[in-house]
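To keep things clear, I will list the structure first and then write my remarks on it.
Computed from a prediction, not measured in an experiment: that's the story for all the values here. Residue numbers start from 1 in every chain, and the chains themselves are labelled A, B, ... in the order their sequence lines are given, proteins ahead of strands.
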Number of protein chains: 2
Amino acid sequence: MADMTSTADAPRSPGRPRSIRADEAIIEATLDLLAEGSTIEALSIEAIAARAGVGKATIYRRWAGKDALLLDALRRLKGVMAQPAGHSVRDDLVLLVGAIGKNVDPRAAKIMPCLAPAVNRSADQFQLYQNIISPRRQLMREVLRRGIDEGVLRADIDVEVTMALLTGPMLIQRVLQWNPDLDEQSLPERVVDAVLVGIQAR
Amino acid sequence: MADMTSTADAPRSPGRPRSIRADEAIIEATLDLLAEGSTIEALSIEAIAARAGVGKATIYRRWAGKDALLLDALRRLKGVMAQPAGHSVRDDLVLLVGAIGKNVDPRAAKIMPCLAPAVNRSADQFQLYQNIISPRRQLMREVLRRGIDEGVLRADIDVEVTMALLTGPMLIQRVLQWNPDLDEQSLPERVVDAVLVGIQAR
DNA sequence: GCGTTACGAGTCTGACCCGTATCGTATTGC
DNA sequence: GCAATACGATACGGGTCAGACTCGTAACGC
């Protein structure tokens, strides 16, 4: 919570302490409104305050503005990541690919597309985005490396490109509905298998 | 130009005809503002009018509102598609994959991310999006089918999944900068080759 | 109890915008 | 020349919002 007054090094509190429930309500209201279809810039502090049952001043007391609030709110979406079982490389990849865009918080799926424009306009928001996805990338990277070590995957593959290969199709389908004819349910499995064996005739 | 008064079946024009230069200026101003970083909903008719050197009334005389104007403006971005040479399946795929998100109009690349949120909120905008990309998908589909016919690609591959496999990585990288460490320049080639041969040890 | 700080609710100013209307002017057909 | 329609510019009423501010009240340490 970079933009909030730290409570850890508080030199004692002279007056009434800030309400934790208000913190919670504001963040939740923000995520709710986003998930309901509001876009980032259509989102107003007034609407958030009303939804949270909170005065506008209470929000401004905690955050410098909408951007700072959004930054904190979106951090909340970093749910628990899927944990690969570690038995079969293929199954682990299917699990990870299937988890793409399918967050713990059901609101995340609806909020994600809204972030696309923001990601490349502000360095802060780009960093936030990277912070969220890079541990997930790392997870997949480890599975691929394990596959190489075990001899299941070729040793000469480009791990980074392979991750993009596995992630890209799932992401464009979940976020953009890139091809309405594609069955999303079976996609993870089909993507992984296709990437594994390739499409070239032998 | 569904929302504009048709000029083809005009039953003669009683008064001063509408300025074609104004049409052009309005559309161009819209695209310019979007490319400069304005998001779709931050874009205002007033800003467009000012940028185009045009009165607001001139815009409202032609379009019903911002949505109708945007619809026409975005149609303008449908540039000429890349045309595969037809010699080597691999080279054709590299060409098509490299063309993803790299439109004729340099503004298109900056505008594309802005569309992501809109695409799944309005059926009209979703349709517009599909209208733009489906011919490109068709182009790739034909190359893949040709590869199968020629025996270069296996006959049992799922063409639709393969297209997602080729398109996804490029799209998330160009639109989202999914992995900042990936070299975008060489990505098309590396994606195509990886998809061709697969990653599994043999 | 007292000072301090937070609270929800509300007010206020100044932006910005939409969509319409109205200027005086320009350009067309007849 | 004249009616018709276009033009750019500007003004309008109505709306939303940001932020700072003000209430009376509530919760804390001392």
Side-chain angles (χ1 to χ4, degrees), chain A residues 1 3-30 33-34 36-73 122, chain B residues 1 3-30 33-34 36-73 122:
Chain A
M1 301 283 176
D3 301 285
M4 297 182 59
T5 314
S6 170
T7 51
D9 57 356
R12 258 25 93 214
S13 45
R16 172 178 175 175
R18 290 195 179 159
S19 159
I20 304 168
R21 299 187 52 183
D23 279 312
E24 205 63 36
I26 293 166
I27 297 278
E28 286 300 304
T30 305
L33 288 172
L34 280 178
E36 279 166 18
S38 171
T39 52
I40 286 188
E41 52 214 5
L43 196 64
S44 72
I45 299 284
E46 285 189 339
I48 296 172
R51 174 63 158 261
V54 142
K56 281 201 290 178
T58 302
I59 297 182
Y60 283 111
R61 211 173 281 126
R62 288 164 161 78
W63 290 278
K66 191 166 69 178
D67 286 351
L69 168 56
L70 273 173
L71 220 67
D72 277 357
S122 141
Chain B
M1 302 282 176
D3 302 284
M4 297 181 60
T5 314
S6 171
T7 52
D9 56 358
R12 252 33 87 214
S13 46
R16 173 179 176 176
R18 290 193 180 162
S19 159
I20 304 169
R21 300 187 53 184
D23 279 311
E24 205 63 35
I26 293 167
I27 297 277
E28 286 300 303
T30 305
L33 287 172
L34 280 178
E36 280 167 18
S38 171
T39 52
I40 286 187
E41 52 214 5
L43 195 64
S44 71
I45 298 285
E46 285 190 339
I48 295 172
R51 174 63 158 260
V54 142
K56 282 202 293 177
T58 302
I59 297 182
Y60 283 110
R61 210 171 283 125
R62 290 164 161 78
W63 290 278
K66 191 166 69 175
D67 286 351
L69 168 56
L70 272 174
L71 219 68
D72 276 358
S122 141

Can you check the [X] [atom1] to [N] [atom2] distance for me, whole Å?
X: B:Arg21; N: C:dA26; atom1: CZ; atom2: C1'; answer: 14 Å
X: B:Ile59; N: C:dC17; atom1: CD1; atom2: C1'; answer: 13 Å
X: A:Lys66; N: D:dA18; atom1: NZ; atom2: P; answer: 6 Å
X: B:Ile48; N: C:dC17; atom1: CD1; atom2: C1'; answer: 12 Å
X: A:Leu33; N: D:dC17; atom1: CG; atom2: P; answer: 11 Å
X: B:Leu69; N: C:dC18; atom1: CG; atom2: C1'; answer: 14 Å
X: B:Arg18; N: C:dT27; atom1: CZ; atom2: P; answer: 18 Å
X: A:Trp63; N: D:dG19; atom1: CH2; atom2: P; answer: 15 Å

Would you indicate whether the side-chain heavy atoms of B:Leu43 and B:Leu70 approach each other to under 4.5 Å? yes
Would a 4.5 Å heavy-atom cut-off, applied to side chains only, mark B:Trp63 and B:Leu71 as touching?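 No - every pair of side-chain heavy atoms lies 4.5 Å or more apart.
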With sequence neighbours excluded, residues passing salt bridge (Lys or Arg N to Asp or Glu O under 4.0 Å) with [X]:
X: A:Arg16; result: none
X: B:Lys56; result: B:Glu46
X: B:Glu41; result: none

For nucleotides 25-28 of chain D, tabulate all protein N/O to nucleotide N/O atom pairs closer than 3.5 Å, reporting atom names and distance.
residue: D:dA26; atom: N3; partner: A:Arg16; partner atom: NH1; Å: 3.1

Of the non-hydrogen atoms in B:Ser19 and B:Ala22, which two are nearest, and what is the gap between them? OG-N, 3.0 Å
Shortest non-hydrogen contact from B:Ala25 to B:Ala52? O-CB, 3.5 Å
Between [atom1] on residue [X] and [atom2] on residue [Y], distance to nearest 0.5 Å:
X: B:Ile27; Y: B:Ile48; atom1: CD1; atom2: CD1; result: 9.0 Å
X: A:Ile59; Y: A:Asp23; atom1: CD1; atom2: CG; result: 10.5 Å
X: A:Ile26; Y: A:Asp72; atom1: CD1; atom2: CG; result: 10.5 Å

At a heavy-atom distance below 4.0 Å, what parts of residues 39-46 of chain A sit against DNA chain D? A:Ser44, A:Ile45, A:Glu46
Any donor-acceptor pair under 3.5 Å from B:Arg18 side chain to B:Arg62 backbone: no
Close N or O pairs between protein and nucleotides 8-10 of chain D (under 3.5 Å):
residue: D:dG8; atom: OP2; partner: B:Thr58; partner atom: OG1; Å: 2.5

Reckon B:Arg62 has a side-chain N or O less than 4.0 Å from the OP1 or OP2 of D:dC7?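 For D:dC7, OP1 or OP2 has a side-chain N or O of B:Arg62 closer than 4.0 Å.
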